[in-house]
Each structure stands twice: as structure tokens, then as C-alpha cells.
Number of protein chains: 2
Amino acid sequence: MEYNAKQLQIIQVAERLFAGKGFSGTSIRDIAHEADINVSMISYYFGSKEKLIEALFEVRFNESAERLDNIVSNEDLSPLQKIYILIDGVIDRLLGNKCFHNIMLREQLSGEERTQVISDLIYELKLKNWQGINSILREGQEKGHFKESIDATLLSATLYGTVNHAITTQSFYRRINSLESLGQDEFDKSLKQKLSKHLKSIFKATVAYETIE
Amino acid sequence: MEYNAKQLQIIQVAERLFAGKGFSGTSIRDIAHEADINVSMISYYFGSKEKLIEALFEVRFNESAERLDNIVSNEDLSPLQKIYILIDGVIDRLLGNKCFHNIMLREQLSGEERTQVISDLIYELKLKNWQGINSILREGQEKGHFKESIDATLLSATLYGTVNHAITTQSFYRRINSLESLGQDEFDKSLKQKLSKHLKSIFKATVAYETIE
DNA sequence: TCACAAATCAAACGTTTGTTTGATTTATCT
DNA sequence: AGATAAATCAAACAAACGTTTGATTTGTGA
């Protein structure tokens, strides 16, 4: 599906509001007001509020389609280098699309799946990510660089969980670390560096043998 | 505040529904129907829907008041043992109160804080947990058991983030690991063990010197 | 310039929302 | 048993909800 500029603008506003107040907590009048359009335009362009959030997922998923394959299939990189690049990719992606990932986290917290479309998309994405990590880990094991007792599932949980938690509780950590004066961009930059270093050291200590680089 | 049996029953039903559909997504008629009471009873007992969720937070927070102090102040345990007990405690607590922690995660995802009461309670809880981890880590450093370059903030993120992520995406991991036949209790038990082993090995590798136990 | 389609609008639609009302039942206490 | 308070109920309330309508404006191609 193709969306024109006006539709993309509506999607962008909806994304911000859904992230802030949730899907049920955001009314189409909220969206219309923030996007400076008439309420009826949402039904006119998307059909319904439900279809609007589906369009949001569709757009954001299409944007991040490739990405992983390039890392996995790169012959020049060692398994550990691939892991490092993967880690930085996840950090950049989650920190660079905070609103959308906020919405995706909310959707995953919902027991009653509102829409099959969205849960299918999320499943597909998770599967890809999991397969990517898995194939890198297996390659490392086959080459004798990584330990045999590795749980890709739990390592994924640590990677995504740590980044998500850091983002979700960032206002708290700003407070206790007296970083409230920092601008958002500066804070994000510092957070990226810390997360990167932290996760790389965890992964190295968990998967790699001592002797490896 | 004290709550009678009927109020606690309402709170319990509300907790389950809020976890499944979110606060905005759950109507007081939903709650009243599931709890088999009249809609007006919620206003009668709590004043408003908003006050109901505040009551839920109040009750759940009071339940888990002590807990941490006992670990930190126990003289017989080594710092690493304390960390291990802390890890198992977090796993048990999060897995044992899935509904409530689902709601708490949702609240933390909300930018516009609906209620100062709730965000204050969450802040207080986070602070306690962070201080607990921090004091154990510092004790380990002072005794020369732990490395000096430890970031308590990021380690907290890894601990809570990993467990939260594992719980949130459990249906996915059941699917890809062909564990769909397992009952919820069996799955939880197996997940607990795996998370415990995984996180302990991460913490040991990250904070402890090689020579230590 | 005309005709036709796309876009925009205020207004109204029928539901659902959280809350309140006032009557009625149930429990408590002397 | 009788009086007083607590609990429960169906019904109604205004407000907000997502969506639709029908008229009006804007844009496009001939």
C-alpha cells in the first residue's frame, strides 16, 4: 500500500500520540486536532482507527525490511564482530524509533490481540531477528569461537530487554544520576555508548572463549 | 487504607482485565460484569476508576514492602551469594505477579502520567531496588570480590529487562521452541530455571573476578 | 471555462463511556 | 422486633467515543 504525504503526516502524529497515551487512550479527535485536520479525514483516508494503526505498523515494518541480512551474510566479518554490529544495530534502531517501539511494546503487553494483522507482523519481525542471532551464534560455534552452551532465546531477551528497559526508565536514571540538565540528544548519545559497551562485554563474556580477541 | 473482601475481589478482577486490555481499554462495565457486581459499586467503594487503579497499586506495593532489606543486611552471605538471591527474588516476583507487572510496565510506557500517586509509587520502588543492588555491588567492591568498573544502572536494566522481555514474549518463545504443549506452570518453572542460570552467569562474568568461587 | 473527481468541512449519528441518583434489599445492633 | 446503617440495584445522566452524512471547497484535465 502506498500512502500520500497527508496520510504519512497523520500516521506520524498518531504514532506520537499512541506512544504517549496508548491506542485506547488516544481519540481520533486528539489526532485530528494535533494533525490540524478534520476528524472525518481519518475514516476517509484509512477507513477506521484500527486500520490507521495497522497502516502505521505496515509503514514502519517496510522501512526496516533489509538490515539484518547484510550483517549475517557478510563474509569478511568474524562471528564476534557480527554480534557487535548486531548489538549496535538494535540499540540504534530502538533508540531511533522510540515512539514506534513504545507502541510495539504496548501491543505485546496486550493479551487480547486486537488485530491479527499486527500480531502477525510482530511475529514475523521477531522470527527474523531471532533467526539472525541464531545463525551468527551457530557460525561462531562451528568455527570454534563460541561456547557450545548458548541459549539464543535468552541472549535475545537480554539484548532487547536491556535496551527496552533502559529506554523505558530513562527519566528515572536521569534523576538518580543527576543528568537532568542534559538535552535529549546528548543523553541518547551517552546512553548508546554505555549500552553498547555493556552489552558487548556481556555477550563476549557469555559466548566467546577466553582466547578470542 | 484497609480494604474489605469485596473490594479486594474487585481489585483482583480489575488487575486481570487491566493487564489484558490496558486501563483505557477496560470499562468499569467489563470489571463489574467479570466480578459479578453492579457498576455503581466501583464508584461506591473506590470513588472512581482512577482511584481503583491507585488502590490496586497501593495494595500490591504494600504486599512487597520488606523483602530486599533482609538480603542486603544478612551478614552471613558473600556479595555474590547476595546477588544470586537477589536475581532469584526478582525472577520469582515478576513471574509470580505477571498481571500486576504487566500493568506497571504499561504505566511506565505512558508519557503523560495519569496519576502522580502511581508514578510516585513506581519511583519509590525503583529507587529501593536500585539502592539494594548498588549497596551489594559496593560491598563486593570493598571486599575486593567485584571489579571496580561496574555500572549498577545497566546491570539493573539487564536484570529487569531480561526477565520482563522473557515474560512478555513467552508465547513467541513457546512457539519457536515447540513448547506449546507445556502447561503454564511447567513452562514458568522451566523459564525460571533458565533465567536464573542465564542471569547468574552474566552477573558473575560481569562483576566478579575470575578467582572468585 | 466547464465538468468531474478529490479533499475538506461542520454537523449529526448511534454507542459506549464513567458517574450519579434514588429506591430497595440486606446486615447490624439495641 | 424495630431502627439505623451498609450494600446493592436498575435506571438515568452528560460527556466522549468512532463513524457517517451531505454540502462545500479545492484541484485537475479537457
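Chain identifiers are assigned alphabetically (A, B, ...) following the order of the sequence lines, protein sequences preceding nucleic acid strands; residue numbering begins at 1 within each chain.
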Worksheet item: Is the phosphate of D:dA6, meaning OP1 or OP2, less than 4.0 Å from a side-chain N or O of B:K6?
Response: no

Discussion item. Using a 4.0 Å heavy-atom cut-off, does A:T26 contact any base of the nucleic acid, only the sugar-phosphate backbone, or nothing at all?
Written reply: sugar-phosphate

Fill in: Test: B:K200 cationic atom under 6.0 Å from B:Y84 six-membered ring centre, within 45° of axis
yes

Fill in: Nearest-nucleotide comparison on DNA chain D, the residue closer to the 5′ end among A:I42 and B:V39
B:V39

Practice prompt. Nearest whole angstrom, please: distance from the P of D:dT19 to the CZ of A:F46.
Written response: 13 Å

Worksheet, complete the sentence: Testing D:dA12, C:dA12, C:dT8 for proximity to the side chain of A:M41, the answer is C:dT8

Item to complete: Give one of base, sugar-phosphate or nothing for B:S43, where a contact means two heavy atoms less than 4.0 Å apart.
Response: base

Worksheet item: Distance check: side-chain N/O of B:N38 vs OP1/OP2 of D:dA10, anything under 4.0 Å?
Response: yes

Practice prompt. Using whole Å, report how far CD of B:E54 lies from P of C:dG18.
Written response: 16 Å

Worksheet item: To the nearest angstrom, how far is B:L17 atom CG from C:dG18 atom C1'?
Response: 16 Å

Worksheet item: Whole-Å distance between D:dA10 C1' and B:I37 CD1?
Response: 15 Å

Worksheet item: Is the shortest side-chain N/O distance from A:K49 to OP1 or OP2 of D:dC17 below 4.0 Å?
Response: no

Worksheet item: In whole angstrom, what separates B:E50's CD from C:dT17's P?
Response: 17 Å

Discussion item. Check the phosphate of C:dT8 against A:Y44, side-chain N and O only, distance under 4.0 Å to OP1 or OP2. Yes or no?
Written reply: no

Fill in: Residue of the set B:L94, B:V90, B:N102 for which side-chain contact (heavy atoms from CB on, under 4.5 Å) holds with B:N164
B:L94

Item to complete: Run the salt-bridge test on A:R60 and A:E63 with the 4.0 Å N-O cut-off and return the result as yes or no.
Response: yes

Discussion item. Mind checking if A:Y45 touches a base, just sugar-phosphate, or nothing, with heavy atoms under 4.0 Å?
Written reply: sugar-phosphate

Discussion item. Once you apply a heavy-atom cut-off of 4.0 Å, does A:S40 come out as touching a base, just sugar-phosphate, or nothing?
Written reply: base

Worksheet item: With a cut-off of under 6.0 Å to the ring centre and 45° to the axis, is B:R106 in cation-pi contact with B:F23?
Response: no

Worksheet item: Rounded to the Å, how far apart are B:I28 CD1 and D:dA12 C1'?
Response: 14 Å

Item to complete: Identify the heavy atoms of B:F203 and B:L155 that sit nearest to each other, and give their distance.
Response: CZ-O, 3.6 Å

Discussion item. Tell me whether the side-chain N/O atoms of A:S27 come closer than 4.0 Å to OP1 or OP2 in D:dC17.
Written reply: yes

Practice prompt. Provide, to the nearest angstrom, the distance between the NE2 atom belonging to A:H33 and the P atom belonging to D:dA16.
Written response: 14 Å

Discussion item. Tell me the interatomic distance from A:Q9, atom CD, to C:dA7, atom C1', rounded to whole angstroms.
Written reply: 14 Å

